[in-house]
There are 2 protein chains.
Amino acid sequence: MSCEAVLVETLRSRGMRVTPQREMVLAALHELGGHSSVEEIHQQVITKSDAVDKSTVYRTLELLKELGLAIETDMGDGIQRYELAAHRAHGHLRCVCCGRVAPLELADLDALKDHLLAAFGFAMRDHQVIVGFCQNCRQAQGGRRPAV
Amino acid sequence: MSCEAVLVETLRSRGMRVTPQREMVLAALHELGGHSSVEEIHQQVITKSDAVDKSTVYRTLELLKELGLAIETDMGDGIQRYELAAHRAHGHLRCVCCGRVAPLELADLDALKDHLLAAFGFAMRDHQVIVGFCQNCRQAQGGRRPAV
DNA sequence: CTTGCTGCAAAGTCTTTGCATGTAC
DNA sequence: GTACATGCAAAGACTTTGCAGCAAG
């Protein structure tokens, strides 16, 4: 079942309304691929219908989060980013130097996840963000490392 | 050498001034222990001198960060938190349910760190924040897991 | 005394909220 | 037709900036 169909069913089953704005926000998450900011999502939506307000995007993202269709992730730069729950099964590598975010296979996090659960009973989220310096930035700046 | 002495030397060597405000912000970081918000640091400072402005705290924290004396960490809740660089050698476990943050030994992160460096050339920060559900919240809410 | 730092106030950014209008059902 | 959702505008939270006076060196 497609995301759109899930959205329609979920909304209907709760007595909520299926509006073009809600469908467009969901579509924007699809088209943008992953971890998009509210600003980016809004820009994407208004390419289709320029009257959609940013507050509606905020409200819709909050709704999609509650319905379990979207996931909110803070990459550590203070900007909330959203992606489809269907994209959930991966982590992120964020470079504090260039800001780029690369996807990370869950398998790469499994050992840590198992360890934290066994040692502390702590259930790590799947879409964990790992922060550090990417290969490019490490090479470009040599020994210099900003204190972040 | 104490943190205060490092601050004084570092400032002097750069031709910057040693002011009571700067010393008080550093002292507040000491007293608060770890990962404190700007609000908490400001409150701590004004217990000693109530005329210190929050903008000065912001500017001073930015300065301490540049000097390498303090570390800024976003725990994923949108609020920047600061701690002394001397406290740096640990990670954090943050529970998205109750918001509590527990320290995490670096040893627990070593395997992942080595793996990311070997596999992707990615240098993970020492004070990585791991997000998930703590033992208490997992037990309290059973199977229910908010989509975060 | 000179220059950098501070307090104050104002502005900026991102997000949330109140309310009348519009629209899905 | 009846609620719920939207657009607009205003307010809120957090942070940054401009500037005149103050104070460290």
Side-chain angles (χ1 to χ4, degrees), chain A residues 4-5 7-28 35-43 45-46 48-67 69-70 72-82 99 148, chain B residues 4-5 7-28 35-43 45-46 48-67 69-70 72-82 99 148:
Chain A
E4 283 76 12
L7 176 67
V8 171
E9 289 218 353
T10 311
L11 289 175
R12 291 236 164 96
S13 72
R14 300 195 182 202
M16 302 171 113
R17 294 185 182 161
V18 181
T19 64
Q21 290 89 338
R22 287 173 176 176
E23 290 175 325
M24 285 189 289
V25 168
L26 188 70
H35 36 81
S36 314
S37 67
V38 172
E39 178 63 30
E40 289 162 348
I41 295 165
H42 184 225
Q43 288 302 320
V45 167
I46 63 181
K48 297 173 189 166
S49 173
D50 61 358
V52 178
D53 195 76
K54 202 182 273 187
S55 66
T56 300
V57 176
Y58 275 105
R59 282 187 282 226
T60 304
L61 288 169
E62 181 67 25
L63 175 68
L64 292 177
K65 195 176 73 173
E66 284 169 14
L67 298 181
L69 290 170
E72 183 186 83
T73 309
D74 190 318
M75 294 288 169
D77 58 0
I79 298 175
Q80 287 296 342
R81 292 170 183 277
Y82 294 84
V148 284
Chain B
E4 282 76 13
L7 176 66
V8 171
E9 289 218 354
T10 312
L11 289 175
R12 291 235 165 97
S13 72
R14 300 195 182 203
M16 302 172 111
R17 291 182 184 166
V18 181
T19 64
Q21 290 89 337
R22 288 173 175 176
E23 290 176 325
M24 285 189 289
V25 168
L26 189 69
H35 35 81
S36 314
S37 67
V38 172
E39 178 62 31
E40 289 163 347
I41 295 165
H42 183 225
Q43 288 301 321
V45 167
I46 63 180
K48 296 173 187 166
S49 173
D50 61 358
V52 178
D53 195 75
K54 203 183 272 188
S55 65
T56 300
V57 175
Y58 275 105
R59 283 186 281 226
T60 304
L61 287 169
E62 181 65 25
L63 174 68
L64 292 177
K65 195 176 75 173
E66 283 169 14
L67 298 181
L69 290 169
E72 183 186 83
T73 309
D74 189 319
M75 294 288 170
D77 57 2
I79 298 175
Q80 286 297 343
R81 292 170 183 277
Y82 294 83
V148 283

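We use all heavy atoms of the structure for the numbers below, so side chains are in, but hydrogens, waters and symmetry mates are not. All chains are named by letter (A, B, ...) in the order of the sequence lines, taking the proteins before the strands, and each is independently numbered beginning at 1.
Using a 4.0 Å cutoff on non-hydrogen atoms, the parts of residues 48-56 of chain A near DNA chain C are A:Ser55, ordered by number.
Residues forming a side-chain contact (heavy atoms from CB on, under 4.5 Å) with B:Val18 (at least two apart in sequence, or on another chain): B:Val8, B:Leu11, B:Arg12, B:Glu23. Looking at residues two or more places apart in sequence or on another chain, you find a side-chain contact (heavy atoms from CB on, under 4.5 Å) between A:Thr56 and A:Gln21, A:Val52, A:Asp53, A:Arg59, A:Thr60. Applying the ring pair (Phe, Tyr, Trp, His ring centres under 6.0 Å) test to B:His42 and every residue at least two apart in sequence or in another chain returns nothing. B:Glu4 pairs by the salt bridge (charged side-chain N to carboxylate O under 4.0 Å, His left out) definition with nothing, not counting sequence neighbours. Residues meeting the side chain to side chain donor-acceptor pair (under 3.5 Å) test with B:Glu62, sequence neighbours left out: none. Taking A:Glu39 as the reference, A:Gln43, A:Lys54 meet the side chain to side chain donor-acceptor pair (under 3.5 Å) condition, with sequence neighbours excluded.
Note that the two end axes of the helix from C:dC1-D:dG25 to C:dC25-D:dG1 enclose an angle of 30°, each drawn from 5 base pairs, rounded to 10 degrees.
Remark: the A:Arg59 side chain and the D:dG7 base include a donor-acceptor N/O pair separated by less than 3.5 Å.
Residue A:Tyr58 places no side-chain N or O under 4.0 Å from the OP1 or OP2 atom of C:dT16. Look at A:Gln21 and you won't find any side-chain N or O under 4.0 angstrom from OP1 or OP2 of C:dT23.
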Q | B/S/- contact track for nucleotides 20-25 of chain D, protein heavy atom under 4.0 Å | A | ---BBS

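Atom CZ of B:Arg22 is separated from atom P of C:dG4 by 11 Å (rounded to the nearest Å).
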